[in-house]
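Beneath this line is the structure, given in structure tokens, with notes to follow.
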There are 2 protein chains.
Amino acid sequence: MRLLDAETALADAPPGHKDELRLWLRLLTCTNLIEAEIRRRLRAEFDTTLPRFDLLAQLERHPGGLTLGEISRRMMVSNGNVTGLAARLEEEGLVERRVSATDRRAQSLRLTAKGRREFARQSSAHEGWVAELLGGLSLPEREALQRLLGRAKASVRSGLQEVGA
Amino acid sequence: MRLLDAETALADAPPGHKDELRLWLRLLTCTNLIEAEIRRRLRAEFDTTLPRFDLLAQLERHPGGLTLGEISRRMMVSNGNVTGLAARLEEEGLVERRVSATDRRAQSLRLTAKGRREFARQSSAHEGWVAELLGGLSLPEREALQRLLGRAKASVRSGLQEVGA
DNA sequence: CCGGGATAGTTTAGGCTTCAACTATTTTCC
DNA sequence: GGAAAATAGTTGAAGCCTAAACTATCCCGG
């Protein structure tokens, strides 16, 4: 009986969502702080951008090449976005495109030798930056955070499902 | 949004990646998932964008008005960015500008009545969305996450200091 | 074989964002 | 008072990003 009352009371209570909102704002602040710093350093030290770096990272993980469509899905950005990004990277000589032998609509992208060299430098610096920025957390803290963020991710995904994407 | 898939891909990657990197990728994934959904809903339900919403939120918190420079600092974006944002919001009749009486360089922005009405609608929906998306976490989980993100923020800030901002 | 639907990619219009150069004004300080 | 430095804001060039319309190609069923 008590429990039922508590539940009812909770349902009737004014929407006290401030708590979740504060959590979201802190999550956002934290991510933006790190992301802005990484963008800044990519620019300052390698004269490149995060999207370019991300695209190269995809290709690095798939030495056999990826089609623009696959890249677009993996990076979760629009098709047209990848078109432009690929064009700039190609112009810089970091990637090369080859029309598919079996499907004349498709073309696959892969790193050039220069692209591989360049990404290797960037990637190793990037890893160091992240380690440096998050290095103030102890190992147990990092583990706990990793776990809780996993829980948050699951919560969000189930929130998206409900709406029936 | 960008590195969403990177976290998954990291599982396949050869070992030697620091766990800080994995933590960063999960943080990014989590934030981008939520942010993308909020942008989507702002667009679908209110035909607006996150930056516009954020600017209105700043003005809502400061009924006396804010100068463009103050807004730029609070939103942590460039001056020129705010110029354009403010111009669009003014054109939509949501904000109004007034040149400062004491400093002819400065102008302060404040919400119009329409802006206040509009933001009230958006804000209340927004709060509900966030609560819905993060609702899968228990209260203790949310508290722990809030605390750990605070620690992460502190770690990042001290990382920035070192470089001598 | 052929018509229609699906798929790969490009283009376009428009918004967001930065940096750097610029104008206008205020403040500092000699 | 007046020159120099600081500050408020705008502008322009360039990149990032999306949605929607478009072209080209492929594939499937009749």
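Chain identifiers are assigned alphabetically (A, B, ...) following the order of the sequence lines, protein sequences preceding nucleic acid strands; residue numbering begins at 1 within each chain. For the numbers below, each heavy atom of this structure counts, side chains included, while hydrogens, waters and symmetry mates do not.
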- Query: So what does B:Thr49 hit on the nucleic acid, given a heavy-atom distance under 4.0 Å: a base, only sugar-phosphate, or nothing?
  - Reply: sugar-phosphate
- Which listed nucleotide (D:dT25, C:dT10, C:dT17) is nearest to the side chain of A:Arg104? D:dT25
- Query: Counting just side-chain N and O atoms, does B:Arg97 come under 4.0 Å of either OP1 or OP2 of D:dT10?
  - Reply: yes
- Look at B:Asn81 and C:dT18 and indicate whether a side-chain polar atom (N or O) is within less than 4.0 Å of OP1 or OP2. yes
- Query: To the nearest Å, how far apart are B:Leu50 CG and C:dC16 P?
  - Reply: 10 Å
- Message: Distance criterion of 3.5 Å, no angle test: do you see the side chain of A:Arg105 paired donor-to-acceptor with the base of C:dT7?
- Response: yes
- Item | Whole-Å gap separating C1' (D:dT11) and CG (B:Leu85) | 16 Å
- Select from A:Arg43 and A:Ser108 the residue whose nearest nucleotide in DNA chain C is closer to the 5' end of that strand. A:Ser108
- Message: Under a 3.5 Å threshold, yes or no: a donor from one side chain and an acceptor from the other, between B:Arg74 and B:Gln58?
- Response: no
- Classify the nucleic acid contact of A:Ser72 as base, sugar-phosphate or nothing, counting any heavy atom under 4.0 Å across all strands shown. nothing
- Query: Between A:Asp103 and A:Gly84, which has a closest nucleotide on DNA chain D that is more 5'?
  - Reply: A:Gly84
- Query: Is the shortest side-chain N to carboxylate O distance from B:Arg52 to B:Glu118 below 4.0 Å?
  - Reply: no
- Is there a donor-acceptor pair closer than 3.5 Å between any side-chain N or O of B:Arg97 and the backbone N or O of B:Leu109? no
- Starting at the 5' end of DNA chain D, which residue's closest nucleotide do you reach first, A:Arg52 or A:Thr102? A:Arg52
- Message: If I take atom CE in residue B:Met75 and atom C1' in nucleotide C:dT18, what distance separates them, rounded to the nearest angstrom?
- Response: 14 Å
- Interatomic distance where CZ belongs to A:Arg39 and C1' belongs to C:dT18 [whole Å]: 10 Å
- Item | Distance, rounded to the nearest Å, where A:Leu68 contributes CG and C:dT7 contributes C1' | 13 Å
- Between CG of A:Leu42 and P of C:dT18 the distance, given in whole Å, is 16 Å
- Task: Check the distance between C:dT26's C1' and B:Gln107's CD and give it to me in whole angstrom.
- Result: 16 Å
- Closest to side chain of A:Thr83, choosing from D:dG9, C:dT11, C:dG15: C:dT11
- Donor-acceptor under 3.5 Å (B:Ser155 side chain, A:Leu133 main chain): yes
- What integer distance in Å separates A:Glu35:CD from D:dC16:P? 13 Å
- Note: for B:Gly80 and A:Ala106 on DNA chain C, the residue whose nearest nucleotide lies more 5' is A:Ala106
- Message: Over all strands shown, is B:Thr67 touching base, sugar-phosphate only, or nothing at heavy-atom distances under 4.0 angstrom?
- Response: sugar-phosphate
- Message: Counting the atoms with a prime plus P, OP1 and OP2 as sugar-phosphate, which does A:Asn79 contact under 4.0 Å by heavy atoms, base, sugar-phosphate, or nothing?
- Response: base
- Query: Got a salt bridge between B:Glu127 and A:Lys18, using NZ or NE/NH1/NH2 to carboxylate O under 4.0 Å?
  - Reply: yes
- Task: State whether the side chain of B:Arg110 and the backbone N or O of B:Gly64 hold a donor-acceptor pair below 3.5 Å, judged by distance alone.
- Result: yes
